[in-house]
Asks: 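Take a look at this one; I'll ask things after.
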Amino acid sequence: MSRYNPREAEPKWQSAWAERDAFRAGGPDAGGKPKYYVLEMFPYPSGRIHVGHSRNYTMGDVVARYKRARGFDVLHPMGWDAFGLPAENAARDRGVHPGQWTYGNIEVMRKQLQRLGLALDWSREIATCDPAYYRHQQAIFLKLLEKGLAYRKTAKVNWDPVDQTVLANEQVIDGRGWRSGAEVEQRELDQWFFRITDYADQLTDGIEALDRWPDKVRTMQSNWIGRSRGAEVRFPLTDMDLAGRFGETIDVFTTRPDTLFGASFLALAPDHPIVRALAADNPEIARFTEECARMGTTEEEIEKAPKHGVDLGIKVRHPFDESWEVPVWSANFVLSGYGTGAIFGSPAGDQRDLDFARKYGLPVNPVVLPPDADAKTHTIGDEAYTGHGTIYNSRFLDGLETPEAIERAIEELEKRDLGKGATSYRLRDWLVSRQRYWGCPIPVVHCADCGAVPVPEDQLPVTLPDDVTFDHPSNPLERHPTWKNTDCPKCGKPARRETDTLDTFVCSSWYFLRFTSPWAEDAPFKPDDAERWMPVDQYVGGIEHAILHLLYARFFTRALNDCGLMSLEGGEPFAGLFTQGMVTHETYKSSGGKWLGPDEVEDRDGALVEVATGQPVTVGAIEKMSKSKKNVVDLDAFIESYGADAARWFVLSDSPPERDVEYTDSGVEGVWRFIQRLWTTVTSLPEGAPGPDSVAANAQGDALDIRRAAHKALKSVTDSIEGFRFNSAVAQIHDLVNAVRKFEPSDEAGIAAKAEALGILVRMIAPFIPHLAEECWARLGGEGLVIDAAWPEADPALLVEDTVTLPVQVNGKRRDQIDVAKGAAEDEVKALALATDGVARATEGLTVRKVIVVPDRIVNIVAG
RNA sequence: GCCCCUGUGGCGGAAUUGGUAGACGCGACGGAUUCAAAAUCCGUUUCCGCAAGGAGUGUCAGUUCGAGUCUGACCAGGGGCACCA
């Protein structure tokens with residue numbers, strides 16, 4: 001019995017595919033085929049690939065190979081998200097240049113991916129740190145600038161004191177930097193922004209059509225944009241003097257204009273311009289704003305901070321009643337960044353407003369009557385009523401339900417020219433400046449006379465200097481002695497280069513477009529190619545990008561449409577999205593408390609010990625494989641022992657693709673056993689048997705059964721792949737292997753049936769374990785390569801049984817079963833069911849009241 | 001606090017439209033082979049029970065001839081958002 005040796009077979013087939021140039025998209029044999037674009041989120045070249053990373057690429061590869069077999073012209077490219085801070089950290093820690101470190105990692109990781117046998121079109125490989133890539137990004141930046149979609153402003157921004165750079169709102173998690181984990185500070189700086197808020201509506205509305213995205217991601221995107229419909233209300237200032245200084249009205253945003261008659265105060269954010277101005281000559285207000293500025297920004301601090309405010313001593317008129325004066329306060333719970341930075345307090349209908357009103361003795365006037373409440377007795381205690389209801393105590397709004405009252409109030413505001421319907425968003429513009437070296441330089445020159453001047457397109461790319469130092473945490477470009485000195489492209493006078501680089505998320509916002517024509521020189525991509533391949537039909541990646549990357553990319557395709565760089569219908573870059581789960585592994589700690597890798601521990605007499613010291617090891621939680629916890633299994637080492645197919649099969653087995661899968665040695669052993677069993681099953685077919693695409697039309701009995709099993713498996717495996725249920729496909733393939741293994745053909749017809757079943761099996765496993773599939777295909781005498789074999793079609797006649805076994809239930813409990821011809825008449829089935837022993841026993845002493853026959857499924861007898 | 005998801009054997013999980021719950025894999029147990037072991041092969045494996053039988057998909061109700069699947073309430077775990085007006 002020969003064993004399958006992946007170490008020999010895998011490189012052989014990989015060379016065969018390469019020689020055949022099989023995975024080139026739009027290649028010579030693509031003519032007339034429909035396109036299919038499969039993409040996995042491209043990796044950051046951080047070092048080496050471990051088994052955890054491989055799950056993502058394997059899933060994409062199954063789809064790519066399957067679609068290829070189904071006759072699609074498949075684009076399945078790979079590249080490197082190569083800019084980023086880890087390269088600078090490596091430069092600082094080890095004294096290598098970030099570029100050298102990055103390209104070194106790329107070399108290693110490319111080899112690893114190739115060893116995994118991925119069906120990738122390597123002719124389209126890109127790296128975002130290559131000037132050939134980022135020059136186009138600079139050109140895109142200039143286009144956005146021209147369109148007004150990129151702009152510069154002074155703003156309070158998130159400053160990461162460890163990474164010494166600013167961060168986008170999306171990169172601040174619980175008040176901490178997403179990479180460094182350092183508490184983020186607020187700083188006022190001059191920075192570049194992308195006007196993503198211009199697309200807030202489109203980005204929200206577009207979510208609707210993304211029906212092949214996980215609901216979870218759609219909800220997260222929608223929440224992040226946070227669209228609220230309501231009204232902007234203008235409250236006229238009573239003091240003419242102040243009106244002269246600040247404008248005639250104070251504007252607030254509200255989602256509940258129906259509660260305007262419950263207004264008892266206005267509250268402005270502590271850093272609202274009016275508050276700042278008043279603080280200048282009012283010590284009490286000044287003290288308040290200083291206190292607020294000192295307030296921490298972390299979650300707990302905000303949670304714990306009591307409602308706090310100061311009376312500004314000014315008043316506004318109610319928009320619906322000139323004689324009604326409303327006091328204006330500043331309050332610590334009002335955010336300057338949302339809406340207009342001002343609210344009207346309607347304490348009966350908002351908990352924060354109520355807390356505030358109770359603390360400072362402001363009036364609480366209920367105006368919304370809950371559905372089951374009585375207007376005479378309804379009062380507000382310590383709890384606001386935030387729901388909808390019937391409006392009362394509100395003059396012309398009285399008696400209206402909340403939704404109508406909102407409309408009516410807006411109508412009245414518009415009539416009086418004191419407000420209008422308005423929409424507000426949680427989303428802020430995307431801050432793209434980073435004070436880092438290893439990123440795409442922003443192609444702008446600052447001139448004392450001309451201001452910020454774009455670098456003319458024919459002078460692109462603005463390349464990074466190589467001679468930089470990393471002995472200080474601040475921006476190496478800023479510290480470079482000469483790089484920033486240049487001449488103003490407009491007036492020619494000495495000027496200073498922009499030393500900020502672009503957020504690396506900009507690079508990943510359009511790389512999928514570059515893949516469609518990576519050789520384009522005078523444009524980021526060829527519009528024809530982009531339009532042929534886009535949108536990405538199936539995108540595969542981690543849930544951690546549910547907001548950041550996916551939102552930015554959706555913005556980018558729309559912005560590029562509007563800049564005239566392409567016309568992608570609908571503007572959505574990713575038609576289908578799949579978010580795969582991680583590979584997890586136990587964690588280990590030495591007696592000294594250090595993390596240990598799986599190869600540093602071993603089992604000695606039932607106890608885990610550290611190999612090097614023999615000391616006992618503590619087993620920790622099962623967590624996502626990560627370098628920091630050392631619970632990784634290196635891909636090369638794995639392939640060395642078990643082969644690439646085993647790695648691929650393992651990460652697809654057991655757990656559903658969207659959930660995590662735990663790496664265990666016994667699970668890997670199981671995979672190894674399966675691979676060997678599959679090989680022995682294939683080799684058990686006698687020499688001279690019909691080829692793998694033959695049809696054993698004359699099969700009877702056992703032989704017919706094995707044909708049926710193969711065709712049924714084919715149907716369910718096909719459905720499972722289409723539905724991204726790879727774990728189910730794996731189980732169904734196991735089933736078929738078990739069936740074929742047990743089948744011992746006794747004659748020619750049997751051998752033919754087995755050959756047919758194996759032929760189907762081998763073509764079905766090809767997307768999953770392609771090397772073994774080739775080896776089997778060759779062994780079975782298949783023509784050419786299995787990658788060029790078409791996906792088999794299940795014979796519908798073999799999918800239906802002639803006879804079916806029906807369970808017979810009495811009062812919903814299974815008591816017996818009967819074999820009947822498929823489609824047997826109801827009366828016949830009924831009679832057979834009632835005649836069974838099980839039914840006789842179970843209905844003893846009872847009267848049969850009703851017999852339910854579900855044709856070809858079940859019989860249920862109701863007795864009592 | 002608000003929103004979303006998930007609860008099925010010792011474990012990962014299957015059951016796609018309401019129709020035989022536990023496919024497939026792991027582990028465990030028994031056996032064959034072997035001087036012995038590894039490897040391999042054959043069986044058993046939801047629980048209680050010798051068996052007949054009974055119970056069983058987080059809990060409690062409900063709809064239905066029939067519920068893992070549908071409805072309501074609750075419990076537990078996970079995720080997202082969070083002074084967002």
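A, B, ... follow the sequence lines: proteins, then strands. Residue 1 opens every chain.
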Asks: Relative to A:W224, does A:R426 satisfy both conditions: NZ or CZ under 6.0 angstrom from the six-membered ring centre, and within 45 degrees of the ring's axis?
Replies: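 Yes, a cation-pi geometry holds between A:R426 and A:W224.
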
Asks: Respond yes when some side-chain nitrogen or oxygen of A:R352 is under 4.0 Å from OP1 or OP2 of B:A85, and no when none is.
Replies: no

Asks: Any side-chain to backbone donor/acceptor pair from A:R256 onto A:T386? Under 3.5 Å, distance only.
Replies: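 Yes, the answer is positive, given that a donor and an acceptor are paired below the 3.5 Å cut-off.
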
Asks: Between A:R677 and B:C24, is there a side-chain N or O to OP1/OP2 distance below 4.0 Å?
Replies: no

Asks: So, does A:S228 get its side chain near the phosphate of B:A85, meaning an N or O under 4.0 Å from OP1 or OP2?
Replies: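 Answer yes for this pair, as a side-chain N or O of A:S228 is under 4.0 Å from OP1 or OP2.
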
Asks: Ignoring hydrogens and angles, are the base of B:G12 and the side chain of A:D654 linked by a donor-acceptor pair under 3.5 Å?
Replies: yes

Asks: Taking O4'-C1'-N9-C4 for purines and O4'-C1'-N1-C2 for pyrimidines, is B:G9 syn (within 90° of 0) or anti?
Replies: syn

Asks: Does the cation-pi check pass for A:K307 over A:F356, that is, NZ or CZ under 6.0 Å from the six-membered ring centre and within 45° of its axis?
Replies: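 Judged by the rule (NZ or CZ under 6.0 Å from the ring centre, within 45° of its axis), A:K307 is not positioned above A:F356.
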
Asks: When you check the phosphate oxygens OP1 and OP2 of B:A52, does a side-chain N or O of A:R841 lie under 4.0 Å from one of them?
Replies: no

Asks: So A:R815, base contact, sugar-phosphate only, or nothing? Heavy-atom distance under 4.0 Å.
Replies: sugar-phosphate

Asks: Is A:N738 near enough to B:G25 that one of its side-chain N or O atoms lies under 4.0 angstrom from OP1 or OP2?
Replies: yes

Asks: Is A:N727 close enough to B:A14 that one of its side-chain N or O atoms is under 4.0 Å from OP1 or OP2 there?
Replies: yes

Asks: Measuring to OP1 and OP2 of B:A38, would you say a side-chain N or O of A:R673 lies under 4.0 angstrom away?
Replies: no

